[in-house]
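Because the structure is predicted, anything quoted here is derived from the model rather than measured. Note that ligands are numbered from 1 as they come in the structure, with each ligand's atoms numbered from 1 the same way.
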Amino acid sequence: MTPKSVAVAGATGLVGRHMLQVLEERNYPVKSIKLLASERSRGKQLPFRGETLPVEVLTENSFRGIEVALFSAGGGTSKKFAPCAAHDHCVVVDNSSAWRMDPKVPLVVPEVNAKDIKWNNGIIANPNCSTIQLVVVLKPLHDAAKIERVVVSTYQAVSGAGAKALDELLAQTKAVLEGKQPECNVFPHPIAFNCIPQIPQSDAFGENGYTSEEMKMINETKKIMGDDSIRVCATTVRVPVHTGHSESVNLETEKKLSVAQAHEILSKAPGVVVLDDPAKQLYPLATEAAGKGETFVGRIREDLSHPRGLALWIVSDNLLKGAALNAVQIAELL
Ligand code: A2P
């Protein structure tokens with residue numbers, strides 16, 4: 001690959017910093033790199049490949065001469081600035097939800113639908129973190145036996161809600177252990193020693209009773225898998241885990257898949273690692289998945305309530321495969 005001029009918009013954020021780390025670790029061919037953030041970050045510096053680089057303020061003119069821009073600076077920023085970048089012949093890989101369901105914008109997980117990158121018009125959307133790890137596992141099973149229905153409940157890490165949310169988890173945990181009242185600023189209820197079935201915590205519930213995160217999992221799964229007929233029901237829950245989203249998944253297939261067949265299919269699937277030996281208490285754990293790029297699957301068993309049902313436990317690092325790594329993999333395919 002010929003070296004590219006790259007920009008990272010939202011470089012100072014949790015995901016932005018992981019994007020820099022992944023570009024470095026995967027030796028992405030960077031000709032030059034521009035780090036962009038808001039006015040608040042004027043004067044800040046960030047490390048990249050042994051150098052310390054200045055953070056610049058993101059403006060409409062930031063993308064002149066840039067070939068690839070990774071965006072993780074919130075939906076409003078993407079809506080405003082991604083078209084400016086595309087206009088300047090830069091390809092944007094956008095981690096926000098701003099463009100994901102736009103029919104003119106491909107929504108890509110390289111292991112699932114890399115071919116969709118071809119029809120981009122300058123913006124490619126990086127899917128929702130919980131959806132990415134789900135479809136990486138669903139796709140090979142769908143190809144083998146056609147998935148008709150998926151029921152998923154998530155156990156999502158606090159790092160998915162940003163740096164301030166992580167600070168709140170730590171402060172609340174300390175307060176509770178000291179017998180004090182936990183203070184809530186980011187979450188509407190204490191997240192320490194608790195589970196909150198509302199993601200994102202700041203959005204109102206939809207009229208149908210679902211959160212926007214749940215609707216993202218439903219709609220994005222269909223778009224990435226290229227199959228509107230897959231029925232999905234999602235319940236998304238924030239749990240007091242630092243990093244690594246876990247998911248309990250029940251799926252129903254048109255053709256029966258045995259546990260042994262599912263094991264075999266998943267052990268050959270790109271980006272998937274099967275960790276499934278109940279006798280040895282081996283199954284995926286958020287603490288083990290954190291810092292790794294793969295999606296881990298285990299507890300593969302028959303769903304005893306359905307003749308063609310399977311139950312699975314899926315875990316991945318929400319900041320890596322769920323965000324920064326998937327974005328860099330897309331950039332590698334460009
Ligand atoms: P800044 O650090 O200057 O606020 P996180 O999701 O971890 O909170 O990170 C959000 C990222 O998006 C940060 O890098 C933040 O920059 C950046 N950001 C937020 N709003 C804007 C904006 N209006 N223009 C540019 N960057 C923004």
Side-chain angles (χ1 to χ4, degrees), residues 6-24 33-48 52-64 66 68-88 90 92-100 123 125-132 156-171 184-187 191 199-203 212-213 216 236 238 241-245 290-291 317-328 331:
V6 178
V8 177
T12 52
L14 261 187
V15 172
R17 286 169 194 259
H18 278 79
M19 283 169 163
L20 294 175
Q21 182 197 319
V22 174
L23 286 169
E24 230 182 284
I33 190 157
K34 202 179 226 190
L35 311 184
L36 301 164
S38 78
E39 193 61 52
R40 292 179 290 275
S41 296
R42 195 184 276 284
K44 273 194 192 161
Q45 298 193 319
L46 289 173
F48 185 75
T52 307
L53 305 177
V55 177
E56 299 174 38
V57 177
L58 172 61
T59 70
E60 286 167 7
N61 300 325
S62 295
F63 303 96
R64 300 222 170 116
I66 302 288
V68 179
L70 306 180
F71 269 62
S72 191
T77 309
S78 292
K79 264 258 162 313
K80 184 168 171 196
F81 293 102
C84 307
H87 179 264
D88 283 340
C90 167
V92 172
V93 182
D94 180 37
N95 192 49
S96 82
S97 59
W99 301 97
R100 288 183 191 150
I123 303 175
N126 204 42
N128 164 269
C129 46
S130 299
T131 311
I132 293 177
Q156 293 184 220
V158 172
S159 57
K164 288 200 179 101
L166 273 179
D167 292 343
E168 182 153 305
L169 170 65
L170 298 180
C184 298
N185 295 308
V186 176
F187 295 105
I191 183 61
I199 302 179
Q201 66 282 348
S202 51
D203 274 13
S212 58
E213 184 85 350
K216 284 175 199 170
T236 57
R238 189 74 68 193
V241 164
H242 186 292
T243 298
H245 287 356
D317 185 316
N318 50 297
L319 299 173
L320 291 176
K321 186 58 187 165
L325 172 60
N326 199 70
V328 173

Under 3.5 Å: donor-acceptor pair, side chain of [X], backbone of [Y]:
X      : Y      : answer
Glu168 : Val186 : yes
Arg42  : Glu56  : no
Thr77  : Ala73  : yes
Asp317 : Gly244 : no
Arg100 : Asn126 : yes
Gln156 : Ser130 : no

Checklist entry - More than 12 foreign heavy atoms under 6.0 Å from NZ of Lys79: is that the case here? => result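 Atom NZ in Lys79 is crowded, with more than 12 foreign heavy atoms closer than 6.0 Å.
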Next on the checklist: Apply side-chain hydrogen bond (donor to acceptor under 3.5 Å, both in side chains) to residues Thr59 and Asn61 and explain how you reach the verdict.
Outcome noted: CA-CA 5 Å; Thr59 70; Asn61 300 325; 4.8 Å; no
Item to check | Option whose closest heavy atom lies nearest to atom 5 (P) of ligand 1, chosen from Ala9, Gly76, Gly13 | outcome: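 Shortest heavy-atom distance from atom 5 (P) of ligand 1: Gly13.
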Next on the checklist: Considering Gly16, Ser72, Ala37 one by one, which has a heavy atom nearer to atom 11 (C) of ligand 1 than any of the others?
Outcome noted: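 Of the listed residues, Ser72 has the closest heavy atom.
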Checklist entry - Hey, is atom 26 (N) of ligand 1 touched by any protein heavy atom at less than 4.0 Å? => result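 True for atom 26 (N) of ligand 1.
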Checklist entry - How about atom 8 (O) of ligand 1: does it have a protein heavy atom within less than 4.0 Å? => result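 So atom 8 (O) of ligand 1 lacks protein heavy-atom neighbours under 4.0 Å.
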Checklist entry - Starting from atom 12 (O) of ligand 1, which protein heavy atom do you reach first, and at what distance in Å? => result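 I find the closest protein heavy atom is Ala73 CA, 3.1 Å.
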Checklist entry - Side chain, backbone, both or neither: which part of Thr77 has a heavy atom under 4.0 Å from ligand 1? => result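 Side chain only.
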Item to check | Ser41 neighbourhood, listing ligand 1 atoms whose heavy-atom distance to it stays under 4.0 Å | outcome: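 Contacts of ligand 1 toward Ser41, numbered from 1: 1 (P), 2 (O), 3 (O).
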Checklist entry - Which atoms of ligand 1 are found less than 4.0 Å from any heavy atom of Thr12? => result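 What qualifies from ligand 1 is 1 (P), 2 (O), 3 (O), 13 (C), 14 (O), 15 (C), 16 (O).
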Please check whether [X] reaches ligand 1 - meaning an N/O of the residue sits under 3.5 Å from an N/O of the ligand, judged on distance alone.
X     : value
Val15 : no
Leu14 : yes
Arg40 : yes

